[in-house]
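Keep in mind that what you see is a predicted model, and the values were worked out from it rather than measured. Just so we're on the same page: letters track the sequence lines, and every chain starts at 1.
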Protein chains: 2
Amino acid sequence: MYLGMPESDFPDIRGLHLFAEMSDEHFLALMRGSYVQNFPPQIQLIEEGDPSDFLHIVLSGSVELFSSWNHRETSMATVRPVSTFILAASVRDAPYLMSARTLEKSRIALIPSQDVRAVFDIDAHFARAIVTELAQCYRSVVKNTKDLKLRTSLERLANYLLRQQKRENGASEFDLPIEKRLLASFLGMTPENLSRAFKSLKSYGIHVSGNHIKILDQEDLEKFARPSALIDDFRS
Amino acid sequence: MYLGMPESDFPDIRGLHLFAEMSDEHFLALMRGSYVQNFPPQIQLIEEGDPSDFLHIVLSGSVELFSSWNHRETSMATVRPVSTFILAASVRDAPYLMSARTLEKSRIALIPSQDVRAVFDIDAHFARAIVTELAQCYRSVVKNTKDLKLRTSLERLANYLLRQQKRENGASEFDLPIEKRLLASFLGMTPENLSRAFKSLKSYGIHVSGNHIKILDQEDLEKFARPSALIDDFRS
DNA sequence: CCTTAGTCTTGATAAATATCAATTCAAGCT
DNA sequence: AGCTTGAATTGATATTTATCAAGACTAAGG
């Protein structure tokens with residue numbers, strides 16, 4: 001029996017919330033039509049506006065989601081293993097709203113969108129998981145909107161650092177996971193201003209060297225950043 | 001048999017995509033636990049951070065969704081009849097990310113979130129509709145993010161006017177559906193700047209008098225606004 | 001080890017946007 | 001009609017953010 005995807009990749013995908021609870025039969029049906037590909041860095045995987053033929057899963061490496069308008073471009077999110085992207089376009093059978101490119105050498109799984117929709121209709125667990133995932137995605141974007149509209153760029157950076165710190169289990173020093181240029185775009189500012197913003201945060205106990213961050217005065221930084229569960233929490 | 005909601009409200013709700021395809025039995029089960037309430041203007045229905053006990057439906061009037069942080073406030077969306085709001089919080093059983101207040105005298109239906117989740121699990125059509133709706137909401141917020149990050153405030157206003165015009169079936173004049181103060185907040189600018197932005201758009205053939213808008217030179221406005229399907233289209 | 005290309009930083013300046021203060025305007029009320 | 005209240009506008013100014021140009025730093029390749 002031919003399978004489009006190496007079985008060695010199954011466990012990673014099965015481990016995602018999205019696929020964890022569905023029946024073996026349906027999971028295998030999805031895998032059968034899917035395939036996996038390795039891409040070099042800086043390869044555009046998706047162009048916004050194209051029809052959404054596949055649900056994508058980053059198995060290794062990392063992928064940037066970005067959007068363009070009128071010769072301007074902005075970074076929308078970075079996707080890291082193991083997770084899916086452009087689920088919404090897949091289930092709606094609508095054109096992609098964002099483009100995607102690899103940031104580094106990446107391994108990507110591709111599941112035909114129409115298979116996703118078909119299995120959705122016959123597997124209640126999968127349906128449940130898709131709803132949960134979509135609701136989560138929606139809430140993330142709403143939080144991001146609040147961040148953009150309610151905070152200055154300096155406040156956004158300060159809170160970004162606190163969020164990043166949480167991801168690193170509260171360590172007082174850590175490395176930025178992306179280039180500063182990209183971080184600037186994600187935070188809605190220019191690289192020049194990000195540079196100046198880092199400098200301004202010195203007075204709140206932030207030390208920066210290359211992409212290594214040290215938080216020297218946690219309390220002071222938090223007093224300035226005022227992180228909020230309703231903007232900065234991943235879960236919930 | 002007691003029903004918490006007047007049967008006269010059933011057709012409006014049943015007419016929503018969300019409830020159109022589900023079985024009568026399940027629809028009635030949902031209605032049984034629900035109720036309807038009339039609210040005066042400027043009543044806060046929901047406070048962000050509160051647990052999401054109900055899925056809300058605007059039957060008449062209008063509701064503003066807004067968010068606050070650090071004594072600042074921003075308008076996130078206006079909800080008009082007949083549509084639901086805070087679906088994502090309901091299905092995730094997570095706290096509301098936005099607050100809601102009536103803009104005018106409004107009639108609101110309240111469906112217990114746990115009933116929504118329960119019926120989701122037993123009615124495949126309802127499940128499908130929820131996914132479609134959530135994906136749509138997600139895509140709307142993504143478009144809004146692109147609007148905010150890729151455009152200046154003047155460009156956002158110009159494109160808002162073009163979108164509004166489409167809603168009015170392309171009429172060359174129409175009324176703004178919300179106060180300018182609120183529009184400014186929704187577009188991420190101050191009322192003062194909105195005022196000046198309207199003035200700047202005069203040179204592209206926009207005439208404003210009170211809340212009445214005339215588009216005198218469609219082509220010129222579009223040349224400046226450069227509307228994009230991937231930001232400004234409602235559908236897709 | 002040097003070169004090269006790109007990112008990052010810095011300073012100077014310009015543009016966009018916000019704030020503050022003062023009117024003007026409009027709608028609702030008595 | 002006159003009054004009251006809040007929205008909308010306008011001008012002056014301040015702050016924030018972007019742009020432009022130059023130089024410093026860094027990592028990859030010959």
Map B:Ile178 and B:Arg196 onto DNA chain D by nearest heavy atom, then report which one ends up closer to the 5' terminus.
B:Ile178
Considering heavy-atom distances to DNA chain D, does B:Leu182 or A:Leu154 have its closest nucleotide positioned more toward the 5' end?
B:Leu182
In terms of side-chain geometry, is the basic nitrogen of B:Asp232 or B:Lys166 positioned less than 4.0 Å from the acidic oxygen of its partner?
no
Quick one: do B:Arg181 and B:Glu64 make a salt bridge, cutoff under 4.0 Å?
no
Taking only N and O in the side chain of [X], is any of them less than 4.0 Å away from OP1 or OP2 of [N]?
X        : N      : result
B:Ser153 : C:dT17 : yes
B:Asn193 : C:dT17 : no
B:Ser195 : D:dA8  : no
B:Lys199 : D:dT10 : yes

Using atom [atom1] of [X] as one end and atom [atom2] of [N] as the other, report the distance to the nearest whole Å.
X        : N      : atom1 : atom2 : value
B:Asn211 : C:dC25 : CG    : C1'   : 13 Å
B:Leu187 : C:dA18 : CG    : C1'   : 16 Å
A:Lys180 : D:dA24 : NZ    : P     : 17 Å
A:Leu194 : D:dT16 : CG    : P     : 17 Å
B:Lys202 : D:dT9  : NZ    : P     : 10 Å
A:Leu148 : D:dT16 : CG    : P     : 18 Å

A:His56 and A:Phe85 aromatic ring geometry - parallel, tilted or perpendicular at 30°/60° bounds
tilted
Kindly say whether A:Leu182 contributes a backbone atom to a donor-acceptor pair with the side chain of A:Ser185 at under 3.5 angstrom?
no
Any sub-3.5 Å donor-acceptor pair from B:Asn211's side-chain atoms to B:Asp175's backbone N or O?
no
Counting any heavy atom closer than 4.0 Å, what does B:Thr190 reach on the DNA or RNA strands: base, sugar-phosphate only, or nothing?
base
So for A:Glu192 and C:dC8, does any side-chain atom that can act as donor or acceptor lie under 3.5 Å from a complementary atom in the base?
no
